[in-house]
Amino acid sequence: MRSILNNHIGSTVRTLWKSRERPEIEKIVREYGVQVENPEVSIIVPLYGRIDFLKYQLALFADDPDLKQNELIYVLDDPRSYDEFLYLCDSQSSIFEVPFKTVYTGINQGYAGANNSGVSIARGRLLLLLNSDVMPIRTGWLSSLVNVYDSLTEENVGVIGPKLLYGNGSIQHAGMKFVRYGLWDNFWINDHPNKGQPNFSESNSRPKKISAVTGACMMVTRELYDQVSGLDEEYIAGDYEDSDFCLKLHAQGRENYYIPHIELFHLERQSLSLSQTQEKDDLWKFRRSLYNCWLYNHKWEEYILKNNL
């Protein structure tokens, strides 16, 4: 498998994807509610498939002062849902009174492209990349993340990410590490330690240095995001952009941290569930994930080994 991808399929797909014709992108930006003049944090939330998650997030954000003092940006990455999206934004903004902006480019850019589009209009010192299916458990979580991030500046911090839980309270994300995957010719893949395990209280736990955190909820400064050119759009649609981003920061001498005592719910990939035709989509997802894994290893395998990550 490795030799075929290295010498034929992988390199061919990479060339075709990089040289693909890209339409001229014109961002349509709309504002809902009175925008914060100088936000500390810009929260970037891509929407694809399950755009109804916007109203669930806004309902949970409405009682949290943090969300009315920072910048919230929704990026519609699903042209099929444009009309429904406009109606949803108009109706929900008047109900929950949480100010937000929307970005629409007219095309499906994928995870990296959608986040980069959102960041391009962001004004905050800090960026929080947030999946639409990540939901807060309690108020104050955003200011807690900011406080932790700022407390780590002397530690040469790169990106931080909180603990994410399944709806039943078990662990979904507690940092990421890299492991060999035998079924894919020992390629390095992202692994989530303790996934599915019971969640034991870590209210007094200090931030833990970790190789990478998930892009479902990661915080970084705008300066660092721009310094490494944001998320790499060379990956197709999704998978590995988050760990690639973390490694780009690590390669510049930055340390990434998992924050155990800050918890949110993550419904994990339910944001895509309404947009899928199962059999066809499963095959596409497998091929896409395998290619992205190959590309990730092509870029980072030697670095992971050399730095014992």
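Heads up: numbering here begins at 1 and tracks the sequence. Computed over heavy atoms, backbone and side chain alike; hydrogens, waters and symmetry mates excluded.
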Trainee: Should R288 and D239 count as an ion pair when the cut-off is N to O under 4.0 Å?
Mentor: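 Yes, R288 and D239 are salt-bridged.
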Trainee: Could you work out, with side-chain contact (heavy atoms from CB on, under 4.5 Å) as the rule, every residue matching A216, not counting sequence neighbours?
Mentor: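 For A216 the side-chain contact (heavy atoms from CB on, under 4.5 Å) partners, ignoring immediate neighbours, are N131, V134, L164, T214, H266.
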Trainee: Could you tell me if the side chain of L127 sits less than 4.5 Å from the side chain of T221, heavy atoms only?
Mentor: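 Answer no - side chains too far apart.
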Trainee: Identify the two heavy atoms, one from G196 and one from S170, that lie closest to each other, and give their separation to 0.1 Å.
Mentor: O-CB, 3.8 Å
Trainee: Would you list the atom pairs, donor with acceptor, under 3.5 Å between side chains in residues 34-42 and any protein atom, with sequence neighbours excluded?
Mentor:
from: Q35; atom 1: NE2; to: Y32; atom 2: O; distance (Å): 3.1
from: Q35; atom 1: NE2; to: G33; atom 2: O; distance (Å): 3.3
from: Q35; atom 1: NE2; to: F100; atom 2: O; distance (Å): 3.2
from: E40; atom 1: OE2; to: R125; atom 2: NE; distance (Å): 3.0
from: E40; atom 1: OE2; to: R125; atom 2: NH2; distance (Å): 2.4
from: S42; atom 1: OG; to: E71; atom 2: OE1; distance (Å): 2.5
from: S42; atom 1: OG; to: R123; atom 2: N; distance (Å): 3.3
from: S42; atom 1: OG; to: G124; atom 2: N; distance (Å): 2.8

Trainee: For W300, which residues count as a side chain to side chain donor-acceptor pair (under 3.5 Å) partner, sequence neighbours excluded?
Mentor: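 Side chain to side chain donor-acceptor pair (under 3.5 Å) list for W300, sorted by chain: D244.
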Trainee: Find out whether K208 and Y257 are in side-chain contact, i.e. whether some heavy atom of one side chain is under 4.5 Å from a heavy atom of the other.
Mentor: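 In short, these two side chains do not touch, never coming nearer than 4.5 Å.
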Trainee: Check the side chains of S117 and Q109 for a donor-acceptor pair under 3.5 angstrom, ignoring hydrogens and angles.
Mentor: yes
Trainee: Of the options I259, V213, L128, which is the one that meets M219 in a side-chain contact (heavy atoms from CB on, under 4.5 Å)?
Mentor: L128
Trainee: For N256 and I160, indicate whether the former's side chain and the latter's backbone hold a donor-acceptor pair under 3.5 Å.
Mentor: no
Trainee: Is R254 close to C246 at the side-chain level, that is, under 4.5 Å between some pair of heavy atoms?
Mentor: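 Side chain of C246 against side chain of R254, heavy atoms only: no contact under 4.5 Å found.
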Trainee: Just jot down the side chain to side chain donor-acceptor pair (under 3.5 Å) partners of E31, sequence neighbours excluded, or say none.
Mentor: none
Trainee: Only counting residues at least two apart or in another chain, list the ones meeting side-chain contact (heavy atoms from CB on, under 4.5 Å) with Q92.
Mentor: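 If we apply the side-chain contact (heavy atoms from CB on, under 4.5 Å) test to Q92, skipping adjacent residues, the hits are L54, K55, L58, L88, I95, F96.
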Trainee: With no hydrogens and no angle check, do the side chains of H173 and Y258 hold a donor and an acceptor under 3.5 Å apart?
Mentor: no
Trainee: Which pairs count as ring-ring contact (aromatic ring centres under 6.0 Å, His included) when at least one residue sits in residues 211-244, sequence neighbours excluded?
Mentor: Y225-F245, Y240-Y296
Trainee: Which pairs, with at least one residue in residues 131-168 and sequence neighbours excluded, count as a ring-ring contact (aromatic ring centres under 6.0 Å, His included)?
Mentor: none
Trainee: Give the minimum heavy-atom separation between G175 and P193, together with the two atoms involved.
Mentor: O-CD, 3.2 Å
Trainee: Give a yes or no on whether L305 and F187 share a hydrophobic cluster (residues Ile, Leu, Val, Met, Phe, Trp, Tyr; joining criterion: side-chain heavy atoms under 4.5 Å apart).
Mentor: yes
Trainee: Do the non-hydrogen side-chain atoms of I73 and V45 ever get within less than 4.5 Å of each other?
Mentor: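 With C-beta onward as the side chain, the pair stays apart.
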Trainee: Under a 4.5 Å cut-off applied to non-hydrogen side-chain atoms, are I43 and L129 in contact?
Mentor: no
Trainee: If every non-hydrogen atom of L231 is compared with every non-hydrogen atom of N116, which pair is closest and at what distance?
Mentor: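 Closest approach of L231 to N116, heavy atoms only: O-ND2, 2.9 Å.
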Trainee: Pairs in or reaching into residues 178-195: which pass salt bridge (charged side-chain N to carboxylate O under 4.0 Å, His left out), with residues at least two apart or in two chains?
Mentor: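 Residue pairs with at least one partner in residues 178-195: R180-E301, K195-E268.
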Trainee: Over 60° means perpendicular and under 30° means parallel, so classify the ring planes of W184 and Y181, tilted if in between.
Mentor: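 The rings of Y181 and W184 stand perpendicular, inter-plane angle above 60°.
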Trainee: Report whether M176 and L165 are members of the same hydrophobic cluster (ILVMFWY, side-chain heavy atoms less than 4.5 Å apart, transitive linking).
Mentor: no
Trainee: Check whether any side-chain heavy atom of K163 sits under 4.5 Å from a side-chain heavy atom of I262, and report yes or no.
Mentor: no
Trainee: Would you name the heavy atoms of P162 and L264 that are closest together and state the gap between them?
Mentor: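 It is CG-CD1, 3.6 Å.
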Trainee: Determine yes or no for a side-chain-to-main-chain donor-acceptor pair under 3.5 angstrom, with S143 supplying the side chain and G140 the backbone.
Mentor: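 Side chain of S143 to backbone of G140: a pair is present.
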Trainee: Is there a chain of hydrophobic side chains (I, L, V, M, F, W, Y, each step under 4.5 Å between heavy atoms) that links I107 to I51?
Mentor: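 Different clusters: I107 never reaches I51 through Ile, Leu, Val, Met, Phe, Trp or Tyr contacts under 4.5 Å.
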Trainee: So which heavy atom on A114 is nearest to which on P46, and how close?
Mentor: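 The pair with the smallest heavy-atom distance is CB-CB, 3.9 Å.
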Trainee: Using a 4.5 Å cut-off on heavy atoms from C-beta on, say whether the side chain of D133 contacts that of Y56.
Mentor: no
Trainee: In terms of side-chain heavy atoms, does N199 have a donor or acceptor partner in E263 at a distance below 3.5 Å?
Mentor: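 Distance-only check passes for N199 and E263.
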Trainee: State whether the side chain of R222 and the backbone N or O of A122 hold a donor-acceptor pair below 3.5 Å, judged by distance alone.
Mentor: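 Checking the backbone N and O of A122 against the side chain of R222, a donor-acceptor pair under 3.5 Å is found.
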Trainee: Under the salt bridge (charged side-chain N to carboxylate O under 4.0 Å, His left out) definition, can you give me all pairs with a residue in residues 83-93, not counting sequence neighbours?
Mentor: none
Trainee: Which value, rounded to the nearest 0.5 Å, describes the distance between Y303 atom OH and N308 atom CG?
Mentor: 12.0 Å
Trainee: Quick one: does N156's side chain have a donor or acceptor within less than 3.5 Å of a partner on G253's backbone?
Mentor: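 Here the side-chain-to-backbone pair exists.
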Trainee: Answer yes or no: is there a side-chain heavy-atom contact under 4.5 Å between R30 and K101?
Mentor: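 Not in contact.
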Trainee: Nearest 0.5 Å please: distance from the NZ atom of K209 over to the NE2 atom of H250.
Mentor: 8.0 Å
Trainee: Quick check: does any side chain N or O of D242 sit under 3.5 Å from a backbone N or O of G215, one acting as donor and the other as acceptor?
Mentor: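 Yes, the answer is positive, given that a donor and an acceptor are paired below the 3.5 Å cut-off.
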Trainee: Quick check for you: to the nearest 0.5 Å, what is the distance between S243 atom OG and K177 atom NZ?
Mentor: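 So the gap between those two atoms works out to 15.0 Å.
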Trainee: Can you see which heavy atom on L249 is nearest to which on V220, and at what distance?
Mentor: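 So the two residues come closest at CD1-CG2, 4.1 Å.
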Trainee: Does K68 have more than 12 heavy atoms from other residues, nucleotides or ligands lying within 6.0 Å of its NZ?
Mentor: yes
Trainee: Only counting residues at least two apart or in another chain, list the ones meeting side chain to side chain donor-acceptor pair (under 3.5 Å) with D232.
Mentor: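 So D232 forms a side chain to side chain donor-acceptor pair (under 3.5 Å) with K299.
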Trainee: By side chain to side chain donor-acceptor pair (under 3.5 Å), which residues pair with D77, not counting sequence neighbours?
Mentor: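 Here the qualifying residues are N108.
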Trainee: The test is side-chain contact (heavy atoms from CB on, under 4.5 Å); show your working for V75 and L47 and say whether it passes.
Mentor: CA-CA 6 Å; V75 184; L47 290 166; over 6 Å; no
Trainee: Applying side-chain contact (heavy atoms from CB on, under 4.5 Å), can you list everything that pairs with Y87, at least two apart in sequence or on another chain?
Mentor: S91
Trainee: Under a 3.5 Å distance rule, please check whether K248 uses its side chain to pair with a backbone N or O of V228 as donor and acceptor.
Mentor: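 Here the side-chain-to-backbone pair exists.
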